[in-house]
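A short worksheet on the structure shown next.
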There are 2 protein chains.
Amino acid sequence: MTILPTPSRARIKDVAALAGVSPATASRALSNDPAVTEITKKRVIDAARTLRFRPNSLARDLRSGGVTTAIGYVMQDLANPWYAQVAAGAEEIFRKAGLELIVATTEEDPLREELVVRTMLERRVQALLLIPLSDDHSYLEGERQLGTPLIFVDRPPINLTADSITIDNRGGVAEGVDHLVNSGHRRIGLLSGPESLWTTRERFEGYKLGLKRNDIEFDPTLVKHSQYTNESVDELFSTLMSSNNRPSALISTNNRLTVSLLQTNSEMLETIAFLGFDDFELADLLKISVISYDAVELGRQAARLTLERIQRPLETPKQIEIKTVLVPRGSAERNPKNV
Amino acid sequence: MTILPTPSRARIKDVAALAGVSPATASRALSNDPAVTEITKKRVIDAARTLRFRPNSLARDLRSGGVTTAIGYVMQDLANPWYAQVAAGAEEIFRKAGLELIVATTEEDPLREELVVRTMLERRVQALLLIPLSDDHSYLEGERQLGTPLIFVDRPPINLTADSITIDNRGGVAEGVDHLVNSGHRRIGLLSGPESLWTTRERFEGYKLGLKRNDIEFDPTLVKHSQYTNESVDELFSTLMSSNNRPSALISTNNRLTVSLLQTNSEMLETIAFLGFDDFELADLLKISVISYDAVELGRQAARLTLERIQRPLETPKQIEIKTVLVPRGSAERNPKNV
DNA sequence: CTGTTAGCGCTTTCAA
DNA sequence: TTGAAAGCGCTAACAG
C-alpha cells in the first residue's frame, strides 16, 4: 500500500527547480519576457504545466505595487433587475479591459455601506463604483486623496468631490408632465418612492417643475410617498383614486412602484392615464408608457468613466448626466375622463 | 507656498512608529489579541485612525496561508434576471458568513469559462461556484485534488466529480404534461431551447417521459428547438401553429422563450393552453402558468452547500436536486379547442 | 540571457 | 506583555 502524498500547490520555485532555472527566470518566462530564450521558456512552461502551476496573484500584486485588477461595485440588491443590469453593463466593459468585478450589497442598510467599502479598499481594488445609500461620504475623503478612483452611480456623493453619473431625473419627469398635459390632463398625480432617496426628491422636483411650466398649481393631495411595500402602494393608490379629488393622470417615480401597482391594481390603472419612470421587462406587452433610459448602458458608461479616471487620476472629477427618453406605449396617451 | 506631500498609504509600521510600539504589537493590537494591554491597544488604534490605516489584505492573506475571504461566482450573463437572482441568493448567505463574491461572466462562450475560472483561482478564492457552460470540466481535476470546493449550479459537471445543485427538470416537465393531459390535451407541443444545454435536454426527456406515462405517442413534429433569438422563436411558433398538426397545448422550456413568445405572439398564445418552465416577473399579472422554483433560494442553497464543503473539504461531494412546483394561473388550464 | 538578492506588508514563531 | 526576526510567493534591481 502506497501512501498518497497530500497534494499541495506548486510554487514558482518548484517550477524553476523542475525546469532547472532560477525562480526569477521562471517568473520572466511565464510572463513572456522577450529577454528569455525560447528554449528555456518552453522548458519552464512545460514544467509549469506538469506541476499544474497557478501563479498566486496575491503575492504578485503585493510585490508589484499592491494594485489589483479588481474593481469594487457596491449596490443595494442584486435581485433587483435594475441593479443587476447596471452591474452587467459595467462588468462587460471591465472584462474587456482585463478587470474583474467584486460585488457587494448593502442590503438597503446605509450603515453597511462604509463597512462594505472598507473591505473592498482593504482588498486594494483599483477603483470603486458605488450606488450610494448613505447620506455622508466624507469617510472616503482619505481614499480620494490617495487617488483611488471613486465613481458614484445613479446618485451623487454627499460631502465629497468625486465622479458621478446620474440620470436627468428632473428633466425626465417634467417632460412626462408636458406629455400628459398635451393629452389634456390638468390633474396629474404622483406616486413616489421614499423621500430619503435623492432620485425620488429629484423626480419630485421635476414634477413640480413640469406643473409650473404648464401653469398648473401644485396640489399636495395629489402626491403620495410610498415605502416600497406592495401593501403601502396599494393603499396609497386606492386613497388617491377614491378621493373626490381624483387625478386623471398618474406618474409613478420608479419601476418597483409601477410593478407593484400593476400587481395590485392593474384594472383600476386602466381608468387613468399612467406614466412610469424606468423601463421594465414586458412593459411593451402591457402597453405601459415610460420615462426610460438603458440601465445596461448606464453601467457601461460608469465603467468607461472609471477607466478614464484610472488613466488620469489627477483630473477634475466629472459629472455625467444621462438624458431620458419618453416611450409612449398607450397607457399615458389616454384622454381625461369627462368628469 | 508649501509643498503638499504626495499622500501615501500608511503601513502597519507607520502605525507602530506613531504608537511607539513594534509592528508585531501593532498587528496584535489591531486584531484584538487579548495578550495586549488595553492601554497600548488604545494607543495603536488611535494611531491607526490618525493615519487612516487600512490593512492590506493581500499581504495579510499571503502571510496567513494564502486563502482569501472571496468566493468566485462564474455565470453567463448578469443582465439575465435569473442569473442575477441566483447570485443575489448566494451573496446573501456569503455576506452573512463574512465572505465576498467575485463575479465573472463567460458571455455565453464556453471557451471563456476556463479562462475566467483560472483568474479566480489565481486570486485564491476560497471556493468556486459555477453555472457551467463548457462540456468538459476535467481542467478542474487538479484543483479538486487540492481541495478547493467546487460547486456546480443548475447543471452538473462533466468529467469531474464535484458538488452540484440542480433542478428536477425531468420531473417538472413530466408533471406539466400530466397537468395538461388532465385538462384533456393529447396534442402537446414543446418549444425548447438549444439542445447543447443540459437543462434543455433534461426538460426534453421529461416531456417524453410525461407523454409516455400518459400513453401519448411522441410526435417529433410537435417539438421545436430555438436558438434564443426573438426572430427564431416567432418563426418556430408560427410554423407550429399553422401546421395542420397544430397542438392544443404548448410547453416552453425556459423563461427567455416564454418572454419572447409573449412579446411576439401574445394573442395567438391565448388560443392554446400554455405552460412555461421558470417563473418571471409579472407572470402572475399575465396569468401565465409555470413550472416554478425560487431562483434566489437556489442561490442560497448553493451557498450553503459551499459553506458546508469549506468546513468539510474531504467529504464526498453531494448532488442536491430541487423540486419544482406547478403554479396554475390560467394559461395552462384552458381546455382543448373543438377541432 | 540568467542568477542573486532584496523586499512588497503583513503575521507568526521564538525569545525575552 | 512585547520585540526581533523570519518568511508567505512573487518580481524588480542589479550584476554578471
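Convention: sequence-line order gives letters A, B, ...; per-chain numbering from 1.
- Rounded to whole Å, atom P of D:dG9 lies 9 Å from atom CG of A:Asp14.
- Taking atom CG of residue B:Asp33 and atom C1' of nucleotide D:dT2, one finds them 11 Å apart after rounding to whole Å.
- Look at CG on B:Asp61: it is 12 Å from P on C:dC10, rounded to the nearest Å.
- Contacts of B:Thr40 with the nucleic acid, taken as non-hydrogen atoms under 4.0 Å apart, involve only primed sugar atoms and P, OP1 or OP2.
- The closest side-chain donor-acceptor pair between A:Glu114 and A:His137, if any, does not fall under 3.5 angstrom.
- Residue-to-nucleotide contacts include no donor-acceptor pair under 3.5 Å from the side chain of B:Arg9 to the base of C:dG9.
- Both A:Arg28 and A:Ala10 sit near DNA chain D, but only A:Ala10 has its closest nucleotide nearer the 5' end.
- A donor atom on one side chain and an acceptor atom on the other are not found under 3.5 Å apart for B:Tyr73 and B:Glu91.
- B:Glu38 has no carboxylate O lying under 4.0 Å from a charged side-chain N of B:Arg43, or vice versa, which leaves the two without a salt bridge.
- In the set D:dT1, C:dT13, C:dG3, C:dG3 carries the atom at the smallest distance from any side-chain atom of A:Thr25.
- Rounded to whole angstrom, the span from the CZ atom of B:Arg63 across to the P atom of D:dG9 amounts to 10 Å.
- One interatomic measurement links the two molecules: CD of B:Glu122 to P of D:dC8, which rounds to 20 Å at whole-angstrom precision.
- Relative to the side chain of A:Ala35, the nucleotides C:dT2, D:dA6, D:dC10 differ in distance, and C:dT2 lies closest.
- Note: CG (B:Leu121) to C1' (D:dG9) measures 17 Å, nearest angstrom.
- Considering only side-chain atoms of A:Ser22, the nucleotide from D:dC10, C:dT12, C:dG3 that sits closest is C:dG3.
- Distance, B:Lys13 NZ to D:dA5 C1': 14 Å, rounded to whole Å.
- For A:Glu315, the CD atom is densely surrounded, since the number of other residues' heavy atoms within 6.0 Å is greater than 12.
- The shortest distance between the side-chain N/O atoms of A:Ser64 and the OP1/OP2 oxygens of D:dC10 is not below 4.0 Å.
- Computed from coordinates, the A:Leu62 CG to D:dG9 P distance equals 12 Å when rounded to whole Å.
- By the 4.0 Å N-to-carboxylate-O rule, A:Glu308 lies close enough to A:Lys318 to be salt-bridged with it.
- Residues B:Val36 and A:Leu58 each lie close to DNA chain D; by heavy-atom proximity, the contact nearer the 5' end of the strand is made by B:Val36.
- Nearest to the side chain of B:Arg60, among D:dT11, D:dA12, C:dC10, sits C:dC10.
- Checking D:dG9, D:dG3, C:dG9 against every side-chain atom of B:Ala59, the shortest atom distance belongs to C:dG9.
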